[in-house]
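Beneath this line is the structure, given in structure tokens, with notes to follow.
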Amino acid sequence: MLISLLLLALSSMDLAANTQIKAARYWAGPERTRLTLESSAPIKYTISLLDSPKRVVMDMENVSLPEVLESLSSKLKSRDPLVSTLRVGRFTPNIVRLVMELKTDVVPKAFLLAPMDRFAHRLVLDMHPSESAPHSHDHQPDPLMALLQSHEPATAAIGQDSQAPNLIMTATRRKPSRQKTIIVAIDAGHGGKDPGAIGSRGTMEKDVTLSIAKKLKTRLDREPNMRAILTRDGDHFLSLAARRHKARQANADLFVSIHADAAPRKEAHGSSVYALSEHGATSTTASWLAKRENEADLIGGIKLDDKDRYLKQTLIDLSMNATINDSIRLASSVLNEIGTINHLHKKNVEQAGFAVLKSPDIPSILVETAFISNQTEEARLGSDAYQNKLADAIHAGLKRYFANKSWQIRTDLADKR
């Protein structure tokens, strides 16, 4: 009889768990702690904020309890500024309960995101320190961020007109202040089934870019106020959209994509640095490279319904203009440093419609370290010494960008508006 009851209980649990949790991601930073659960269907959830001890409790209805969810506690670090312990388990046959004990008062904020690119349905839980949290009556994510991430119709994402000022400030609020740890997303171009350009000696672009990216990360991580993340740390394929998405997940302040491309003319040589252009390319080479990179996977930037064209243009103008200007400043700083170690293919910052640069609120640049199609430069790109020089130059360019006093003043003023 007891065995029958146990089997019945287990059967009930299996039937109840009709929404599959596919992935669980946890990230803690100085401004917020974020938990993202990816699932086969939208998750039905409730959130409670309790005292004695302080804790956030999230109950999820009819979801599975896979290993990725049970292992969430292992992702918790002692330096997490908000959460002291995290545990998850089945509370009732149809409820999975997640409990986070807190180190301080927080304001939790949760929202759902629809499937996008390679991601399924997502439940996002953000916890902000109470003194710096968004207003408690704001129950929606930032309107522009929600619109870009969910791809839902813009009118539904924005809501009331009173929230419109948030759209104008989205591009400036993400910029780092002098007290903040600067997060740089380093993107090693290509990878996995996409080798990128291949030199006459068999050197693959994907291997060169990853090696340089790792060297650059090592240098940035040594800086007391900087931290680097890699969009890929091994030989695997990532779509262009996934690279941008990873940068946003890490709350990156800058995005640096590293390449070593080929050109139609074998004699072409030198380094270049690119920023995004919404209105074409500044040279034939820039246009050709952008088309080649964007064909790695089909992506057209921000996707909105045709009926939202006017709003799409408004959002692009508001968020992109400031970001592109900052990207050009960043690119110029890096280009000047690279010019001390290699010939410059173009002496000015180039602009092109590289899809990987189309984050509307993160200054982004693409560094063409050299042409792998040129035999001399292919040999240099395979050299550890030259890769170290490139990493040093990009590192110095990033530091110069942040040392720009006028930029820091403008950022501080923007944060206070």
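Because the structure is a prediction, the values reported are computed rather than measured.
Rounding to the nearest 0.5 angstrom, the gap separating the CE atom in Met100 from the CG atom in Leu49 is 10.5 Å. To the nearest 0.5 Å, atoms CD1 (Ile362) and CG (Asp326) are separated by 12.5 Å. Once rounded to the nearest 0.5 Å, the distance linking CG of Leu335 with CD of Glu368 reads 12.5 Å. How far CD of Glu223 is from CZ of Phe402: 11.0 Å, rounded to the nearest 0.5 Å. Separating the CG atom in Asp105 from the CG atom in Leu102 is a distance of 8.0 Å, to the nearest 0.5 Å. In this structure, CD1 in Ile43 is found 5.0 Å from CG in Leu37, a value given to the nearest 0.5 Å.
Annotation: ring-ring contact (aromatic ring centres under 6.0 Å, His included) contacts of His343 (sequence neighbours excluded): His269. For Arg232, there are no salt bridge (charged side-chain N to carboxylate O under 4.0 Å, His left out) partners, not counting sequence neighbours. Looking at residues two or more places apart in sequence or on another chain, you find no salt bridge (charged side-chain N to carboxylate O under 4.0 Å, His left out) involving Lys389. Partners of Lys103 under the salt bridge (charged side-chain N to carboxylate O under 4.0 Å, His left out) rule, at least two apart in sequence or in another chain, do not exist in this structure. In this structure, the side-chain hydrogen bond (donor to acceptor under 3.5 Å, both in side chains) partners of Arg97, at least two apart in sequence or on a different chain, are Asp59. The side chain to side chain contact (heavy atoms under 4.5 Å, CB included) search around Thr218 returns Arg222, not counting sequence neighbours. In this structure Glu337 satisfies the side chain to side chain contact (heavy atoms under 4.5 Å, CB included) test together with Ala393, Ala396, Arg400, sequence neighbours excluded. By the side chain to side chain contact (heavy atoms under 4.5 Å, CB included) test, Ile47 pairs with Tyr45, Val56, Met58, Pro108, Ala110, Leu125, sequence neighbours left out. Looking at residues two or more places apart in sequence or on another chain, you find no salt bridge (charged side-chain N to carboxylate O under 4.0 Å, His left out) involving Asp233. Take Thr33 and apply the side chain to side chain contact (heavy atoms under 4.5 Å, CB included) test, not counting sequence neighbours, and it matches Tyr26, Ala28, Asp80, Leu82, Val83, Met127.
Across every non-hydrogen atom of Ala250 and Ile183, the tightest pair is O-CD1, 3.4 Å. Minimum interatomic distance between Ala370 and Ser271 (heavy atoms only, all atoms of both residues): N-OG, 4.3 Å. Taking each heavy atom of Met204 and Pro195 in turn, the nearest pair found is SD-CB, 4.0 Å. The nearest pair of heavy atoms linking Arg243 to Asp187 is NH1-OD1, 2.6 Å. Ala263 and Ala268 make their closest contact through CB-CB, 3.8 Å (heavy atoms, listed as atom of the first residue, atom of the second, distance). Contact record, Lys215 with Arg219: O-NH1, 3.0 Å, taken as the closest heavy-atom pair.
Judged purely by distance below 3.5 Å, without hydrogens or angles, the side chains of His345 and Glu350 never pair a donor atom with an acceptor atom. Neither side chain, Asn251 nor Arg34, offers a donor N or O lying under 3.5 Å from an acceptor on the other. In summary, the side chains of Thr203 and Glu378 do present a donor paired with an acceptor at a separation below 3.5 Å, with no hydrogens or angles considered. Side-chain contact, Thr181 with Asn225: no donor N or O sits under 3.5 Å from an acceptor N or O. Side-chain contact, Ser211 with Gln387: a donor N or O sits under 3.5 Å from an acceptor N or O.
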Point to revise | Full working for side chain to side chain contact (heavy atoms under 4.5 Å, CB included) between Leu381 and Tyr386 | key: CA-CA 6 Å; Leu381 286 168; Tyr386 181 61; 3.9 Å; yes
Practice item. Determine, step by step, whether Leu330 and Phe255 satisfy the side chain to side chain contact (heavy atoms under 4.5 Å, CB included) criterion, reporting the C-alpha distance in whole Å, the side-chain angles of both residues, the deciding distance to 0.1 Å, and the verdict. Key: CA-CA 10 Å; Leu330 173 61; Phe255 181 90; over 6 Å; no
Point to revise | Residue pair Leu98, Val57: steps toward the side chain to side chain contact (heavy atoms under 4.5 Å, CB included) verdict | key: CA-CA 6 Å; Leu98 185 145; Val57 176; over 6 Å; no
Practice item. Walk me through it: do Ile372 and Asp261 pass the test side chain to side chain contact (heavy atoms under 4.5 Å, CB included)? Key: CA-CA 6 Å; Ile372 207 168; Asp261 221 318; over 6 Å; no
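Sorted by first and then second residue, the salt bridge (Lys or Arg N to Asp or Glu O under 4.0 Å) pairs involving residues 37-53 (not counting sequence neighbours) are Arg25-Glu38.
Looking only at side-chain heavy atoms (C-beta outward), Lys246 and Leu230 stay at 4.5 Å or farther from each other. Proximity of Thr36 to Leu123: side-chain heavy atoms (C-beta onward) are nowhere separated by under 4.5 Å. Between Phe111 and Asp126, some side-chain heavy-atom pair lies under the 4.5 Å cut-off. The closest side-chain heavy-atom distance from Arg244 to Arg248 is not below 4.5 Å. Taking the side chain as every heavy atom from C-beta outward, Arg380 and Asn342 approach each other to under 4.5 Å. Counting only heavy atoms from C-beta outward, the side chains of Ile338 and Ile394 approach each other to under 4.5 Å. The closest side-chain heavy-atom distance from Trp27 to Gln249 is not below 4.5 Å. Residues Val184 and Val256 have side chains in contact (heavy-atom distance under 4.5 Å, counting atoms from C-beta outward).
With Ser40 contributing its side chain and Gln20 its backbone, the two residues share a donor-acceptor pair below 3.5 Å. Although no hydrogens or angles enter the test, the distance criterion places no donor-acceptor pair under 3.5 Å between the side chain of Ser332 and the main chain of Ile328. Side chain of Ser39 to main chain of Pro42: no donor-acceptor pair is present (N/O by atom type, distance under 3.5 Å, no hydrogens or angles). Between the side chain of Ser383 and the backbone N or O of Ala379, no donor-acceptor pair lies under 3.5 Å. In this structure, Ser327 contributes its side chain and Pro363 its backbone to no donor-acceptor pair below 3.5 Å. Under the 3.5 Å distance criterion, the side-chain polar atoms of Arg122 are matched with a main-chain donor or acceptor of Ala120. Side-chain N or O atoms of Arg55 include one that pairs as donor or acceptor with a backbone N or O of Pro53 at under 3.5 Å.
Around CD of Gln375, the count of heavy atoms belonging to other residues, nucleotides or ligands within 6.0 Å does not exceed 12.
A salt bridge between Lys206 and Asp194 is absent, with no side-chain N of the basic residue lying under 4.0 Å from a carboxylate O of the acidic one.
When ring centroids are compared, Phe237 and His190 stay outside the 6.0 Å threshold.
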Please list, one pair per line, the donor and acceptor atoms closer than 3.5 Å that link side chains of residues 65-76 to other protein atoms, with sequence neighbours excluded.
from: Ser71; atom 1: OG; to: Glu67; atom 2: O; distance (Å): 2.9
from: Ser71; atom 1: OG; to: Val68; atom 2: O; distance (Å): 3.3
from: Ser74; atom 1: OG; to: Ser71; atom 2: O; distance (Å): 2.5

